[in-house]
Amino acid sequence: MSKPALGFSKNEKLKSRKSIERLFVEGNSVSKYPIKLMYITADPDQQAPIVAGVTVPKRNFKSAVTRNRIKRLLREAYRLNKALVFNNTERRFAFLFLYLGKEEPTFERISEAMKKVLTRFIDETERR
RNA sequence: GUAGCAGGCCACCUUAUCGCUCCGGCCGUUCGGCCGGGGAGGAAAGUCCGGACACCAUAGUGCAGCAUAGCGGGUAACGCCCGUCGUUCCGAACAGCGUUCGGAAAAGGACCAGUGCAACAGAAAGCAAGUACAGUUCGGCUGUAGUGAAACCAGGUAAACUCUAUGCGGUGAAACGUCAUGUAAAUCGGUGUUUGAGGGCGGCACGUCCGAAUCGAAGGGUAGGCGGUUAGAGCCUUUGGGCAAUCAAAGGUCGAGAUAAAUGAUAAGGGGCGACCGUAUAUCGGUCGCAACAGAAUCCGGCUUAUGGCCUGCUUUUUUU
RNA sequence: CGGGAUGUGGCGCAGUCCGGUAGCGCACUCGGCUGGGGGCCGAGUGGUCGCAGGUUCAAAUCCUGUCAUCCCGA
């Protein structure tokens with residue numbers, strides 16, 4: 001069961017409307033501007049150890065094209081940096097990345113913020 | 001060269017590394033792996049019209065309501081498109097009324113069916129009353145003045161109500177079918193079982209069909225999978241009919257199917273456009289910047305709006321010869 | 001995907017149906033009452049009526065298009 005370290009396939013995506021609702025109500029969060037990560041301990045019968053979703057508020061970005069682009073950048077950044085989480089925890093989680101900025105970012109910026117937010121997440125959860 | 005109009009085309013490309021999704025094949029125990037192939041638009045947008053399709057009665061009648069408006073054609077259909085007539089505006093020709101020619105614009109039925117409206121000004125904007133002056137056959141009539149967008153004379157206005165003609169049944173893929181999961185055939189109230197409650201998805205009346213339960217309150221459960229779902233009024237080429245929109249025939253071709261929602265990220269190189277610099281213009285070289293509008297969600301035909309570049313034709317204007 | 005509603009001075013609203021004067025409250029400015037502040041009284045400034053066309057003699061109002069904001073519906 002050796003997963004490719006850089007993939008991000010369908011099974012790792014957060015899809016269920018119900019669990020997203022739960023995330024918003026019960027979830028904890030760490031944030032490093034412009035990314036906010038909401039997380040919750042996941043069901044044990046979940047297919048992948050960690051599932052993740054991304055979202056960009058329509059209020060900040062009216063155009064569907066830029067919303068899509070930011071979501072793609074977020075997914076890409078998570079895909080390239082998720083080893084940070086996999087290598088440091090054995091627990092199961094559900095993630096939701098929110099983009100809080102008001103302007104369209106570069107990939108470089110997103111990538112840096114993603115690394116920071118993930119290390120902060122590891123600090124918070126593994127320290128206890 | 002500049003500006004405008006009309007028509008057509010494209011929507012940066014290639015390579016490398018990593019990644020997403022669908023289809024087919026092989027391997028394999030769930031779950032994946034490997035190989036091959038497909039993967040956003042001209043507007044996918046706004047949701048403004050028209051359809052297909054699905055369910056409700058094979059979708060019925062009248063009223064109400066809504067939409068459209070010269071005439072003819074095209075179309076599955078349209079409020080769309082094409083042609084034509086009239087109207088208005090602009091330009092030119094003739095000395096002028098006006099006519100002719102060329103171009104452009106536009107929601108272009110009917111105020112002799114009825115009702116309403118017209119600020120200010122003005123005597124007066126209908127159910128009528130009446131100013132001044134002049135002329136007079138003196139009965140009262142005629143003309144002029146003045147106000148105003150419009151006036152002893154009837155007009156104007158329907159993107160005012162309305163009338164006429166034509167069309168429109170309703171609800172939309174969250175339609176609809178099916179499988180799975182799950183609870184509660186629980187509680188309270190109303191109406192009713194052939195003397196017919198209630199329902200058949202906007203209103204009223206009728207008709208018709210189903211019909212023994214049904215409606216409301218508060219509450220409980222599930223909010224997952226599959227089908228519908230992508231081959232269609234499809235696209236391309238040729239020939240023929242037609243002024244044209246478009247139609248017919250023959251041949252060829254298959255071009256996304258996601259679902260918190262795929263089609264991406266990074267790097268390099270090459271083309272495109274713009275600015276600046278070098279040189280005597282072009283050409284060429286260098287540097288920098290830009291690359292638009294925008295993302296399928298059942299599917300088509302239009303309209304409207306946003307927007308980068310190239311090509312062709314016509315018109316206007318400028319410079320040089 | 002499908003339905004609606006609203007854009008009017010700095011702010012909150014009326015006027016739109018049935019076309020001719022853009023008005024109300026708060027705020028702001030000036031003056032008066034007071035030793036000063038507050039409060040009250042009086043006067044005043046301030047509006048492309050979201051934007052663009054059209055109908056009309058005349059448009060915030062009628063018609064068409066467009067932009068923005070907000071609210072519903074499994």
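Numbers restart at 1 for each chain; the letters A, B, ... are given by sequence-line order, proteins then strands.
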In [N], glycosidic geometry as syn within 90° of 0 or anti otherwise:
| N | result |
| --- | --- |
| A258(B) | anti |
| G255(B) | syn |
| G126(B) | syn |
| G139(B) | syn |
| U230(B) | syn |

[X] versus [Y]: any side-chain heavy-atom pair under 4.5 Å?
| X | Y | result |
| --- | --- | --- |
| Tyr33(A) | Val117(A) | no |
| Thr55(A) | Lys71(A) | no |
| Ile40(A) | Asn28(A) | no |
| Phe93(A) | Val85(A) | no |
| Ile50(A) | Lys82(A) | no |

Interatomic distance where [atom1] belongs to [X] and [atom2] belongs to [N] [whole Å]:
| X | N | atom1 | atom2 | answer |
| --- | --- | --- | --- | --- |
| Lys71(A) | G19(B) | NZ | C1' | 18 Å |
| Arg72(A) | A261(B) | CZ | C1' | 11 Å |
| Leu74(A) | C20(B) | CG | P | 17 Å |
| Lys13(A) | U21(B) | NZ | P | 5 Å |
| Glu12(A) | A262(B) | CD | C1' | 16 Å |
| Leu80(A) | A267(B) | CG | C1' | 14 Å |
| Arg75(A) | U21(B) | CZ | P | 10 Å |
| Lys10(A) | G225(B) | NZ | P | 10 Å |

Measure from the side-chain N and O atoms of [X] to the backbone N and O of [Y], and report whether any donor-acceptor pair falls under 3.5 Å.
| X | Y | answer |
| --- | --- | --- |
| Ser111(A) | Glu108(A) | no |
| Arg120(A) | Ser31(A) | yes |
| Arg67(A) | Phe61(A) | yes |

Problem set entry | From G32(B), A265(B), A261(B), nucleotide with atom closest to Val54(A) side chain | A261(B)

Problem set entry | Closest to the Leu73(A) side chain, choosing from G295(B), A265(B), G19(B) | A265(B)

Exercise. Are Arg79(A) and Glu76(A) ion-paired here, with the side-chain N under 4.0 Å from a carboxylate O?
Worked result: yes

Problem set entry | Base versus backbone protein contacts along nucleotides 68-74 of chain C [heavy-atom cut-off under 4.0 Å; B, S, -] | SSS---B

Side-chain N or O of [X] versus OP1/OP2 of [N]: is the shortest distance under 4.0 Å?
| X | N | value |
| --- | --- | --- |
| Asn68(A) | A294(B) | no |
| Ser63(A) | G295(B) | yes |
| Arg69(A) | A265(B) | yes |

Nucleotide forming a Watson-Crick or wobble pair with [N], both distances under 3.5 Å:
| N | answer |
| --- | --- |
| A64(B) | none |
| A27(C) | none |
| A52(B) | U298(B) |
| A267(B) | U15(B) |
| A248(B) | U239(B) |
| G91(B) | C101(B) |
| U21(B) | G38(B) |
| G53(C) | C63(C) |

Rounding to an integer number of angstrom, what distance separates [N] and [M] when you compare their [atom1] atoms?
| N | M | atom1 | result |
| --- | --- | --- | --- |
| G308(B) | C293(B) | C1' | 8 Å |
| U171(B) | G202(B) | C1' | 10 Å |
| A186(B) | A197(B) | P | 25 Å |

For this session: Between Ala64(A) and Thr106(A), just flag the one whose closest nucleotide in RNA chain B comes earlier from the 5' side.
Result: Thr106(A)

